[in-house]
Peer 1: 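The structure under discussion is supplied below as structure tokens; questions concerning it will follow.
Throughout, protein chains are lettered first and strands after them, A, B, ... in sequence-line order, and every chain is numbered starting at 1.
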There are 2 protein chains.
Amino acid sequence: MALEHAILVSLLEKPGSGYELARRFDRSIGYFWTATHQQIYRVLKRMESEGVLDVREVPQQGRPDKKEYSVAAPGRAALSGWLHEPIEPESLRHDLAVKIRGAAFDDPAALVDEVERHLEVHRARLAHYLSGELRDFTGPDAPAPLDAGQELQHVVLRGGIAYERMTVAWLDDVLATLHTLGRTSPSA
Amino acid sequence: MALEHAILVSLLEKPGSGYELARRFDRSIGYFWTATHQQIYRVLKRMESEGVLDVREVPQQGRPDKKEYSVAAPGRAALSGWLHEPIEPESLRHDLAVKIRGAAFDDPAALVDEVERHLEVHRARLAHYLSGELRDFTGPDAPAPLDAGQELQHVVLRGGIAYERMTVAWLDDVLATLHTLGRTSPSA
DNA sequence: GCTTTCTATGCAACTAGTTGCATAGACAAG
DNA sequence: CTTGTCTATGCAACTAGTTGCATAGAAAGC
């Protein structure tokens, strides 16, 4: 299960509670692996019972206490094992592409709003990634020589940026195609 | 469930058996939605019992008989309904990116083989998509004026091509980064 | 005749992920 | 002093997807 490994990586980068992990999965590591808080809590509990994580009750002032998880030695070993074993190149699950092909059997023009909405989301994500890159890696406030971990985080972020740029360009292409179809064959 | 909708689209494009669908999910529609034959058979059975699909026993010579599924009127309506309701922009599930970030806590150089393997797979997919594009849409044997359905299939394929090109370029970037790290910090 | 390959369909058990709901401490606004 | 928001954790029920196995017809190769 890749969620386990994503949690191990995130906790190695910085120990934290289920709640904090859930928020990291809304940004940072969540850009390429999503999870809800319920899933995270359930998996944390299992990982702790398996001995790959340590827990520590942390009293807080001004907010409820939390359980801070960190990676135990067997967890590090498990991650290392996973890193050395080959994985399948990922395959896409892209609903919008299914919709676009499905539009041939309905009204293609009805998809315009939907595509425009997705376009806005991807433009926003791109802007968000670019500002993060400037802040953490390429801007004047970024650490001068990046260490290995930062270089790796940066190359992953560059992947996210490339993905969003590509998606924005493609959705523009989709919109142009829909408009052309609307002009030549006004299927009612 | 998007698998249902992918099946509806595929069966509208051309009726077929579970086995045939499973093979389409290895190419064509499978480029942006994956499914195993078990999942397909199970969902087909449910969709038929719900009345969204029709079945027809088709005797064949030279091979076992098959059940050919096609979309019934309620299935068309269900697809149309789905096309008109907004969906969430997809989020990625990218194991390799998790691995790359995890490499900071292990030996980054150990990932080189893995990344090269993925690179080969994506180069091959790109070549495959490009030859498909030439055959079906842009080559001399392609239908001269494309109809709406073909234009939509083509724009989806262009998305696949853009995705694979982007991925190949990014994996090159990852490799270069791993090599730089190997030179500057030979972590044992 | 035996094995392999391709077509064709399916069950059972499991793992992963989603949705809806519930609880509770602490603070801020009205 | 109630309502809303943010932090924090969790259960129960469900849906989706994977893995392993099983069966069987028909052709091809040996």
Side-chain angles (χ1 to χ4, degrees), chain A residues 1-8 11 15-27 29-30 32-50 53 55-69 78 82 87-88 90-95 98, chain B residues 1-8 11 15-27 29-30 32-50 53 55-69 78 82 87-88 90-95 98:
Chain A
M1 210 227 307
L3 176 57
E4 278 187 12
H5 303 120
I7 286 176
L8 286 173
L11 289 179
S17 67
Y19 186 82
E20 284 161 351
L21 277 171
R23 281 187 311 163
R24 289 183 209 171
F25 276 87
D26 288 333
R27 20 171 220 92
I29 197 131
F32 37 88
W33 204 271
T34 55
T36 58
H37 81 270
Q38 289 86 347
Q39 213 186 333
I40 291 167
Y41 282 119
R42 193 176 335 120
V43 172
L44 281 175
K45 187 159 283 189
R46 192 185 65 218
M47 291 170 81
E48 194 233 316
S49 78
E50 289 168 353
L53 295 183
V55 211
R56 197 168 60 94
E57 278 280 342
V58 178
Q60 300 187 110
Q61 75 282 48
R63 52 180 72 176
D65 298 352
K66 67 174 178 180
K67 296 183 186 172
E68 194 184 72
Y69 290 91
W82 178 66
I87 53 173
E88 284 299 299
E90 88 297 340
S91 35
L92 294 178
R93 289 265 163 111
H94 206 304
D95 316 55
V98 177
Chain B
M1 210 227 309
L3 177 56
E4 278 187 11
H5 303 120
I7 286 175
L8 286 173
L11 290 180
S17 68
Y19 186 82
E20 284 161 352
L21 277 172
R23 282 187 312 165
R24 288 182 210 173
F25 275 87
D26 288 333
R27 20 173 220 92
I29 198 134
F32 39 81
W33 204 271
T34 56
T36 57
H37 80 271
Q38 289 86 346
Q39 213 185 331
I40 291 167
Y41 282 120
R42 194 176 333 121
V43 172
L44 281 174
K45 187 159 285 188
R46 192 184 67 220
M47 291 171 80
E48 195 234 314
S49 79
E50 289 168 354
L53 295 183
V55 210
R56 198 167 59 95
E57 278 278 344
V58 178
Q60 300 187 112
Q61 75 281 51
R63 52 180 69 178
D65 298 351
K66 67 175 179 179
K67 296 184 186 172
E68 194 183 73
Y69 289 90
W82 178 66
I87 53 173
E88 283 301 297
E90 88 297 340
S91 34
L92 291 178
R93 291 263 162 115
H94 206 304
D95 315 56
V98 177

Peer 1: Provide, to the nearest angstrom, the distance between the CD atom belonging to A:Glu48 and the C1' atom belonging to D:dG10.
Peer 2: 14 Å
Peer 1: If you compare every side-chain N and O of A:Tyr19 against the phosphate oxygens of D:dT9 (OP1, OP2), does one of them come in below 4.0 Å?
Peer 2: no
Peer 1: Distance check needed: C:dA26 P versus A:Lys66 NZ, whole Å only.
Peer 2: 16 Å
Peer 1: Kindly say whether, by distance alone, the side chain of A:Arg42 makes a donor-acceptor pair under 3.5 Å with the base of C:dT18?
Peer 2: yes
Peer 1: Does a side-chain N or O from A:Arg93 land closer than 4.0 Å to OP1 or OP2 of D:dG17, or not?
Peer 2: yes
Peer 1: Should B:Gln60 be listed as having a side-chain N or O under 4.0 Å from OP1 or OP2 of C:dA8?
Peer 2: yes
Peer 1: Among the candidates C:dT18, C:dT7, C:dT9, find the nucleotide nearest to the side-chain atoms of B:His37.
Peer 2: C:dT9
Peer 1: Looking at every heavy atom in both A:Ala6 and A:Ile29, which two are closest together, and how far apart are they?
Peer 2: O-CD1, 3.7 Å
Peer 1: How many whole angstroms separate atom CD of A:Gln39 from atom P of C:dG20?
Peer 2: 16 Å
Peer 1: With nearest nucleotides of DNA chain D determined for A:Lys67 and B:Gly62 from heavy-atom distances, which residue corresponds to the more 5′ nucleotide?
Peer 2: A:Lys67
Peer 1: Pick base, sugar-phosphate or nothing for B:Gln61, based on heavy-atom distances below 4.0 Å to the nucleic acid.
Peer 2: nothing
Peer 1: Given atom CG of A:Leu3 and atom C1' of C:dT18, what is their separation to the nearest angstrom?
Peer 2: 13 Å
Peer 1: So, A:Arg93 side chain and B:Thr34 main chain: donor-acceptor pair closer than 3.5 Å or not?
Peer 2: yes
Peer 1: Counting heavy atoms from C-beta on, name the nucleotide in C:dA8, C:dA16, D:dA16 closest to the side chain of A:Arg46.
Peer 2: C:dA16
Peer 1: Taking only N and O in the side chain of B:Arg63, is any of them less than 4.0 Å away from OP1 or OP2 of D:dG25?
Peer 2: no
Peer 1: Of the nucleotides C:dT7, D:dA8, C:dG10, which has the atom closest to the A:Pro64 side chain?
Peer 2: D:dA8
Peer 1: If each of A:Trp33 and B:Tyr69 is mapped to the nucleotide of DNA chain C with the nearest heavy atom, which maps nearer the 5' terminus, i.e. the 5' end?
Peer 2: B:Tyr69
Peer 1: Atom CD of B:Gln38 to atom P of C:dA13: distance rounded to whole Å?
Peer 2: 15 Å
Peer 1: By the 4.0 Å heavy-atom rule, please label A:Ser17 as base, sugar-phosphate, or nothing.
Peer 2: sugar-phosphate
Peer 1: Any chance you could lay out the salt bridge (charged side-chain N to carboxylate O under 4.0 Å, His left out) test for B:Glu48 and B:Lys67, step after step, and finish with the verdict?
Peer 2: CA-CA 11 Å; B:Glu48 195 234 314; B:Lys67 296 184 186 172; over 6 Å; no
Peer 1: Using the side-chain contact (heavy atoms from CB on, under 4.5 Å) rule, take A:Val58 and A:Asp65 through it: C-alpha gap first, then chi angles, then the decisive distance, then the call.
Peer 2: CA-CA 6 Å; A:Val58 178; A:Asp65 298 352; over 6 Å; no
Peer 1: Starting at atom CG of B:Asp65, determine the distance to atom C1' of C:dC6, rounded to an integer number of angstrom.
Peer 2: 16 Å
Peer 1: To the nearest 0.5 Å, what is the distance between CD (B:Glu90) and CG (B:Leu92)?
Peer 2: 6.0 Å
Peer 1: Round to a whole Å and report the spacing from CZ of A:Arg23 to P of D:dC6.
Peer 2: 11 Å
Peer 1: Please report, rounded to the nearest Å, how far the P atom of D:dC21 is from the OH atom of B:Tyr41.
Peer 2: 19 Å
